[in-house]
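Here's the structure, in structure tokens; my notes come after.
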Amino acid sequence: MRRGWKMALSGGLRCCRRILSWVPVLVIVLVVLWSYYAYVFELCLVTVLSPAEKVIYLIFYHAIFVFFTWTYWKSIFTLPQQPNHKFHLSYTDKERYENEERPEVQKQMLVDMAKKLPVYTRTGSGAVRFCDRCHLIKPDRCHHCSVCAMCVLKMDHHCPWVNNCIGFSNYKFFLQFLAYSVLYCLYIATTVFSYFIKYWRGELPSVRSKFHVLFLLFVACMFFVSLVILFGYHCWLVSRNKTTLEAFCTPVFTSGPEKNGFNLGFIKNIQQVFGDNKKFWLIPIGSSPGDGHSFPMRSMNESQNPLLANEEPWEDNEDDNRDYPEGSSSLAVETET
């Protein structure tokens, strides 16, 4: 009976946590909806008198608004990609590993298993990176998110403002969301500013629109400052081909720690996130190269790293393939373990 109550209480707490995790997203959605009303109706339709100016403002505003909301949607609802079954321990290996009491033997077992996989990063002590919650050998740049309760490929951080884990499958969308958010706030601020001055000087009548226009400028400037800092930081990460976690904790390779281990050069680093086809760089469509399980490394020569050689990279059997979804910082919470 007591056990049943504990299970019910635990389930209720998990349910409450899932519901509360959507509160930051709801706040952002409400602010965006209000900004849409304030800009379109209170500014463009009520305050702006010139028909030509109304049309120009509305056309450019909606163009930016579409991409802003599109990228936000993709950041929220593109599921984090998990390692495929090749990295999971088989039932037999799992039994052997759990029944083995000697740590040095367990460590050697993981080393033997990892030889069959394209893993080149290690723990700080030099051991194979293993997740004891998901029972898998972690691919390079993969980390376990305690909020999502899963291992995420090329995990960057868990962002409460999108209620999602940012990683290989949606990092491009997250960057685009930051870029269009900055542009959205900048556009609102620059077009509202002249009317803010007119209201301030008393050149326009003090009507209901005055409050919306004044507050709209304040909110746009406030978000712009915080977003441009965050966006600038992630631009720096992309230029170095780092994740947020790798910026705070230097990755360790078989040869030792190397903070620039994945740095391929500025252009190639950008292509690692946005792909080779530049026409897709501004559109929230998955174009990141690879499958998220292995990445080119600067320090590895061609014989060690098949991704830098002309030969074919490691392949899955056709029946082993699985489908995955397409592929902050004061505003993000890192929850890697």
Side-chain angles (χ1 to χ4, degrees), residues 80-84 86-89 93 97 100 102-148 150-158 165-168 171 233-234 236-265 268-269 272-273 288-309 313-314 329 332-337:
Q81 191 168 328
Q82 303 177 64
N84 65 32
K86 284 184 174 294
F87 292 84
H88 289 259
L89 298 188
D93 289 337
Y97 181 83
E100 180 56 59
R102 294 167 293 178
E104 63 278 5
V105 177
Q106 287 183 322
K107 182 177 180 180
Q108 186 58 45
M109 290 171 61
L110 294 178
V111 170
D112 295 336
M113 297 173 196
K115 290 179 180 178
K116 306 173 186 178
L117 301 170
V119 261
Y120 301 98
T121 54
R122 296 291 186 264
T123 64
S125 61
V128 173
R129 299 169 64 244
F130 177 73
C131 180
D132 55 2
R133 299 182 186 182
C134 300
H135 299 102
L136 57 81
I137 294 175
K138 295 179 183 178
D140 293 343
R141 315 184 85 175
C142 173
H143 299 275
H144 186 90
C145 177
S146 59
V147 178
C148 298
M150 66 173 71
C151 282
V152 178
L153 294 179
K154 196 185 177 183
M155 178 178 171
D156 188 88
H157 66 278
H158 186 93
C165 208
I166 305 302
F168 176 77
Y171 186 58
Y233 174 69
H234 277 278
W236 177 81
L237 289 176
V238 172
S239 70
R240 298 292 189 273
N241 199 5
K242 292 182 178 181
T243 64
T244 299
L245 294 175
E246 290 166 356
F248 283 95
C249 185
T250 301
V252 178
F253 296 84
T254 51
S255 57
E258 176 54 62
K259 64 179 181 179
N260 293 316
F262 295 105
N263 192 342
L264 308 175
K268 289 184 178 180
N269 289 343
Q272 282 294 298
V273 177
S288 301
D291 59 2
H293 292 83
S294 53
F295 302 89
M297 288 167 280
R298 188 178 67 171
S299 61
M300 301 287 285
N301 60 40
E302 292 187 353
S303 62
Q304 292 173 303
N305 185 4
L307 290 179
L308 297 180
W314 68 290
S329 77
V333 178
E334 282 107 29
T335 53
E336 185 269 334
T337 60

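Sequential numbering from 1 along the given sequence is applied to the chain's residues.
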Main chain of Tyr97, side chain of Gln106: is a donor-acceptor contact present, judged purely on distance under 3.5 Å? yes
(message) In the structure I gave you, are the side-chain heavy atoms of Leu153 and Pro83 within less than 4.5 Å of one another anywhere?
(response) yes
Taking Arg129 for the side chain and Pro139 for the main chain, is one N or O donor matched with an acceptor at less than 3.5 Å? yes
Between Lys107 and Ala127 the two heavy atoms that sit nearest each other are CE-CB, 3.8 Å
By side chain to side chain donor-acceptor pair (under 3.5 Å), Ser239 pairs with (sequence neighbours left out) none
Separation between CZ (Phe130) and CE (Met113), nearest 0.5 Å, reads 7.5 Å
Contacts of Gln108 meeting side chain to side chain contact (heavy atoms under 4.5 Å, CB included) (sequence neighbours excluded), chain-then-number -> Val111, Asp112
Nearest heavy-atom approach of Leu264 to Arg298 is CD2-N, 4.0 Å
Ala247 and Lys242 have their tightest heavy-atom pair at CA-CD, 4.5 Å
Val119 and Ala114 have their tightest heavy-atom pair at CG2-O, 3.6 Å
Next item on the list: Answer yes or no: is there a donor N or O on one side and an acceptor on the other, between the side chain of Glu246 and the main chain of Arg141, under 3.5 Å?
Entry: no
Report yes if some heavy atom in the side chain of Pro118 is under 4.5 Å from a heavy atom in the side chain of Phe87; otherwise report no.
yes
To the nearest 0.5 Å, atom SG of Cys151 lies from atom NE2 of His88 at 7.5 Å
Inset, instruction - Verify, without hydrogens or angle tests, whether Asp156 (side chain) and Ile166 (backbone) share a donor-acceptor contact under 3.5 angstrom. - result: no
Item to check | Aromatic centroids of Phe262 and Phe253 separated by under 6.0 Å | outcome: yes
Residue set satisfying side chain to side chain contact (heavy atoms under 4.5 Å, CB included) with Pro257, at least two apart, ordered chain then number -> Thr250, Val252
Can you tell if the side chain of Gln272 reaches within under 4.5 Å of the side chain of Pro289, non-hydrogen atoms only? yes
Given ring pair (Phe, Tyr, Trp, His ring centres under 6.0 Å), test His158 with His143 step by step and report yes or no.
CA-CA 11 Å; His158 186 93; His143 299 275; over 10 Å; no
Separation between CZ (Arg240) and CG (Asn269), nearest 0.5 Å, reads 8.5 Å
Heavy-atom closest pair (Met155 atom, Cys165 atom, distance to 0.1 Å) is CE-SG, 3.8 Å
Value for NZ (Lys138) from CG (Leu136), rounded to nearest 0.5 Å, stands at 8.0 Å
Separation between CE (Met150) and SG (Cys142), nearest 0.5 Å, reads 11.0 Å
Rounded to the nearest 0.5 angstrom, the OH-CG distance for Tyr171 and Leu237 is 5.0 Å
Can you confirm whether Gln81 sits close enough to His293 that some side-chain heavy atom of one is under 4.5 Å from a side-chain heavy atom of the other?
yes
**Study point:** Check against side chain to side chain contact (heavy atoms under 4.5 Å, CB included), Ser146 and Arg133
**Key:** CA-CA 10 Å; Ser146 59; Arg133 299 182 186 182; 4.1 Å; yes
All heavy atoms of Lys154 vs all of Asn241, minimum pair found to be NZ-OD1, 4.2 Å
